[in-house]
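None of the values given here were measured: they were computed from a predicted structure. Lettering of chains follows the sequences in order, A, B, ..., and the numbering in each one begins at 1.
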Amino acid sequence: MLRSSTLFVRTLRDDPADAEVPSHRLLVRAGYIRRAAPGGYTWLPLGWRVLRKVEAIVRDEMDSMGAQEVHFPAMLPRDIYELTGRWEEYGDNLFRLKDRRGADFLLGPTHEEMFTLLVKDLYSSYKDLPVSLYQIQTKYRDEARPRAGLLRGREFLMKDSYSFDIDDAGLAASYNAHRDTYERIFTRLKLPYVIVKAMSGAMGGSASEEFLAPIEVGEDTFVRCTKCDYSANTEAVTTAVLAPDTSSHAATAVIETPNCPTIASLVDFLNANHARADRVWTASDTLKNVVLQLRHPDGTTDVLVVGVPGDRDADIKRIEAQVSPSEVEPLDDAGFAKHPGLIRGYIGPQVLGATSATGIRYLLDPSVVAGSEWVTGANVAGSHVLHLVNGRDFTADGTIEAVEVAAGDPCPSCREPLEIARGIEIGHVFQLGRKYADTLGLSVLDQNGKQVVVTMGSYGIGVSRAVASIAEVFHDDLGLKWPRAISPVDVHIVVTGKNGDDITVAGEKLGAELEAKGLEVLIDDRNGVSPGVKFKDAELIGIPTIVVVGKSLADGNIELRDRHAGTNEAVPLANAVQRIVALVREG
RNA sequence: CGGGGUGUGGCGCAGUUGGUAGCGCGCCUGGUUUGGGACCAGGAGGCCGGGAGUUCAAGUCUCCCCUCCCCGACCA
């Protein structure tokens with residue numbers, strides 16, 4: 001039985017000044033964690049219990065899916081990470097250190113290399129596969145900006161697992177098994193989640209999905225449909241395919257538009273001097289041509305122009321994800337100087353495209369559908385052109401997802417509006433493919449005696465981050481409200497009596513009886529502490545069931561308080577054990 | 001890494017034109033209290049983030065560095 005009188009904890013009456021987000025504030029205030037280093041936290045007894053419970057659930061489900069637990073050192077030698085180039089590639093995010101002989105080591109930020117080499121070390125036949133291995137391990141990343149307490153630290157606890165398969169079908173099966181397991185884990189943790197498509201970037205074609213807990217303080221932005229179950233990382237959203245515009249259009253007409261280098265000035269000018277009969281001109285009638293520079297890995301550069309509706313912004317990150325590994329930036333003045341055909345503020349697609357006069361590559365956002373009509377630059381300073389039709393008057397070299405995704409955009413799956421939300425990344429499943437196996441030489445003999453490169457998946461759950469995420473979901477103004485499965489104890493008994501009186505004796509007896517039934521009990525046995533203080537502490541600490549043994553004992557009752565529901569029920573002392581055990585057992 | 005803020009007993013804060021640090025909570029002792037963060041009396045506890053400088057004298061002024069928080073960049 002944990003006793004408040006001796007428990008190593010100190011609750012704080014005031015919020016710590018350096019904590020902003022609720023999980024950080026409350027975990028410190030209720031005595032679960034203390035900051036020990038930049039981006040590093042000490043787990044106090046109550047917090048350590050919660051962390052271990054989360055860990056136990058993760059372990060239980062991983063074992064159930066047939067994954068096997070191993071444990072690597074956190075301190076790893078440089079040479080292995082040289083093999084995959086990640087000693088350099090990781091940059092400043094990698095903690096590097098030297099031993100007494102000057103040899104380089106690192107603190108593992110993730111363990112793909114180690115797992116790959118371990119399997120290579122032990123296995124050499126297709127008969128050994130598939131296999132999934134995992135560990136629950138402290139990870140180190142020298143984050144540029146640790147923030148929000150446990151949500152982004154430089155040292156944190158993570159479950160990482162890796163699957164090894166002989167072929168793509170096997171990888172898909174392992175991936176799905178992990179995905180299903182993650183769903184079970186987060187369900188047991190009571191963490192709400194959405195599974196969003198993530199960009200797989202340079203890895204090429206592999207599936208990757210993130211599990212996001214939809215919480216405002218999260219760092220990841222995603223979209224989800226207001227109607228169907230579509231959701232995706234903002235970078236990975238695909239535009240709903242719209243029907244071509246088949247209406248007839250007037251012939252193009254070049255007009256003088258002095259001093260209209262911006263979309264806003266152009267729209268104002270049009271409404272003042274070329275008013276439409278049916279409605280006013282808006283930014284969405286204009287075609288904006290964004291000039292970008294691609295920087296390729298070999299150091300060469302290219303100019304790319306992207307056409308987007310004038311009321312939308314281009315999302316450089318999203319574009320970059322599609323031209324990876326090239327980097328994307330706006331074309332600078334020097335770049336413009338090399339392309340006199342590009343008249344800033346008056347660029348139109350008539351001079352763009354691989355087969356055009358300039359030869360500059362030109363891609364359209366899919367929202368610029370075939371047959372649609374636009375107002376755009378005439379490639380002459382002070383002139384624009386009306387009624388320019390995609391397909392009739394100009395063509396592009398192709399399409400690229402370019403506009404910044406906005407709330408209200410149509411869902412690619414059902415056309416209903418999308419909404420934008422924030423989330424905490426609590427898990428990630430990723431089909432790695434053969435990247436690491438190729439580089440590190442992990443292959444096995446197949447049934448024909450031929451060497452086959454193994455295909456891998458990697459899967460992560462932030463265990464310490466999950467604790468913070470749960471605290472973000474389950475709290476109120478008074479304090480934390482843990483789900484039963486991960487509460488540090490099952491029951492918090494508050495006795496309001498003095499040492500040795502009937503109330504205290506009854507409280508102690510109840511605690512012992514509950515413990516005998518297998519429940520974990522915290523009893524507030526502090527002498528001389530006023531009931532108000534004990535109630536406040538109990539609410540702050542957030543055990544889901546609070547039992548008050550106090551003045552109602554005179555009527556033979558105890559009080560059963562539900563921290564989640566906020567209810568307070570009088571229960572005869574004689575029935576208390578049975579009631580409380582039933583409550584805890586039903587979860 | 002850019003921008004903004006911040007740093008003073010365990011926690012929250014004050015500290016004037018430079019004169020050697022104070023309040024509330026918490027903690028200790030004694031007493032009175034005991035159903036919503038009690039009261040009285042007496043105590044303990046601080047290299048004022050660090051370093052260098054200006055000055056007879058620095059929490060306070062100057063310079064450099066660091067921390068933490070927020071926004072952005074970055075983030076398997």
Side-chain angles (χ1 to χ4, degrees), chain A residues 9-21 24-25 28-31 34-40 81 84 86 89-94 108-115 137 139-149 151-154 156 158-162 198-203 206 208 210 217-220 233 235 316-317 320 329 424-425 427-432 435-436 456-462 465 478-479 494-499 501 503-504 524 526-540 546 548-554 559 561 568:
Chain A
V9 68
R10 185 103 308 152
T11 57
L12 305 175
R13 186 177 293 224
D14 300 309
D15 283 333
D18 61 357
E20 190 84 4
V21 302
H24 187 196
R25 204 160 32 83
V28 171
R29 190 146 94 83
R34 301 288 298 176
R35 196 188 82 89
Y81 282 74
T84 51
R86 291 214 290 186
E89 219 174 80
Y90 242 101
D92 289 338
N93 278 354
L94 192 64
T110 172
H111 281 69
E112 278 82 3
E113 285 85 349
M114 304 309 294
F115 275 87
Q137 238 262 3
K139 303 290 187 191
Y140 297 87
R141 292 183 197 170
D142 191 357
E143 296 284 350
R145 179 152 89 91
R147 63 175 290 272
L151 282 177
R152 173 170 296 276
R154 299 203 296 176
F156 55 95
M158 175 166 145
K159 188 286 301 177
D160 52 325
S161 50
Y162 305 85
M199 284 304 290
S200 43
M203 303 286 189
S206 314
S208 171
E210 290 172 356
V217 302
E219 301 178 280
D220 293 84
N233 201 313
E235 284 172 23
I316 290 195
K317 297 279 301 175
E320 195 164 56
E329 58 200 47
I424 299 172
E425 184 183 346
H428 196 160
V429 289
F430 188 40
Q431 295 193 18
L432 273 181
K435 177 185 156 119
Y436 288 93
M456 295 169 52
S458 81
Y459 317 90
I461 288 181
R465 179 181 280 181
L478 297 171
V494 173
V495 294
T496 62
K498 277 186 278 208
N499 273 0
D501 67 9
I503 289 172
T504 309
D524 195 338
R526 290 175 295 179
N527 195 35
V529 173
S530 69
V533 171
K534 293 184 175 183
F535 296 151
K536 289 286 185 194
D537 271 349
E539 282 148 356
L540 179 59
I546 299 168
V548 179
V549 182
K551 65 178 185 188
S552 55
L553 192 66
E559 292 160 53
R561 298 188 180 185
N568 187 4

* Could you measure between the two C1' atoms, the one in B/C23 and the one in B/C61, and give it in whole Å? => 26 Å
* Ignoring backbone atoms, test whether A/T496 places a side-chain nitrogen or oxygen under 4.0 Å from the OP1 or OP2 oxygen of B/U34. => no
* **Euclidean distance for C1', B/C75 against B/U16 (whole angstrom)** => 47 Å
* **Involving RNA chain B, stems made of at least three consecutive Watson-Crick or G-U pairs, both distances under 3.5 Å** => B:1-5 with B:68-72, B:10-13 with B:22-25, B:27-32 with B:38-43, B:49-53 with B:61-65
* To do: May I ask you to verify whether the side chain of A/E559 and the base of B/G35 hold a donor-acceptor pair under 3.5 Å?
  => yes
* Whole-angstrom distance between B/G7 and B/G59, as gauged at atom P -> 16 Å
* To do: May I ask you to decide if A/V28's main-chain N or O and A/R34's side chain share a donor-acceptor pair within less than 3.5 Å?
  => no
* Structure fact -> Among the nucleotides B/G35, B/G37, B/U34, whichever has the atom closest to the side chain of A/K498 is B/U34
* Look only at the side chain of A/K534 and the backbone of A/R526, and say whether a donor-acceptor pair between them is shorter than 3.5 Å. => yes
* Check whether the side chain of A/R152 and the base of B/C75 form a donor-acceptor pair under 3.5 Å. => yes
* Asked: Given the P atoms of B/G49 and B/U8, what is the spacing between them in whole Å?
  -> 6 Å
* Asked: With sequence neighbours left out, what residues match A/R561 under salt bridge (charged side-chain N to carboxylate O under 4.0 Å, His left out)?
  -> A/E559
* Have a look at A/R29 and say if it touches a base, only the backbone sugar-phosphate, or nothing, with a 4.0 Å heavy-atom cut-off. => base
* Measure distances between side-chain N and O atoms of A/R526 and base N and O atoms of B/G37, and say whether any donor-acceptor pair falls under 3.5 Å. => no
* Minimum-distance nucleotide (side-chain atoms of A/E20 versus B/C69, B/C27, B/G12) -> B/C69
* B/A44 and B/C28, which share atom name C1', separated by this distance in whole Å -> 7 Å
* Asked: What residues form a salt bridge (charged side-chain N to carboxylate O under 4.0 Å, His left out) with A/R147, not counting sequence neighbours?
  -> A/E219
* Given A/R29, which of A/D15, A/T11, A/D14 fulfils the side-chain hydrogen bond (donor to acceptor under 3.5 Å, both in side chains) condition? -> A/D15
* Asked: For A/E539, which contact category applies under a 4.0 Å heavy-atom criterion: base, sugar-phosphate, or nothing?
  -> base
* **Distance-only side-chain donor-acceptor flag, A/D160 / A/Y162, under 3.5 Å** => yes
* **A/D537, nearest nucleotide to its side chain (from B/G36, B/G37, B/C11)** => B/G37
* Structure fact -> The residue, A/L12 or A/S458, whose nearest nucleotide of RNA chain B is more 5′ is A/L12
* For A/G550, which contact category applies under a 4.0 Å heavy-atom criterion: base, sugar-phosphate, or nothing? -> base
* Structure fact -> 5'-most contact on RNA chain B (nearest-nucleotide basis), A/R86 vs A/R13, goes to A/R13
* Distance-only donor-acceptor test (3.5 Å): side chain A/D18, base B/G7 -> no
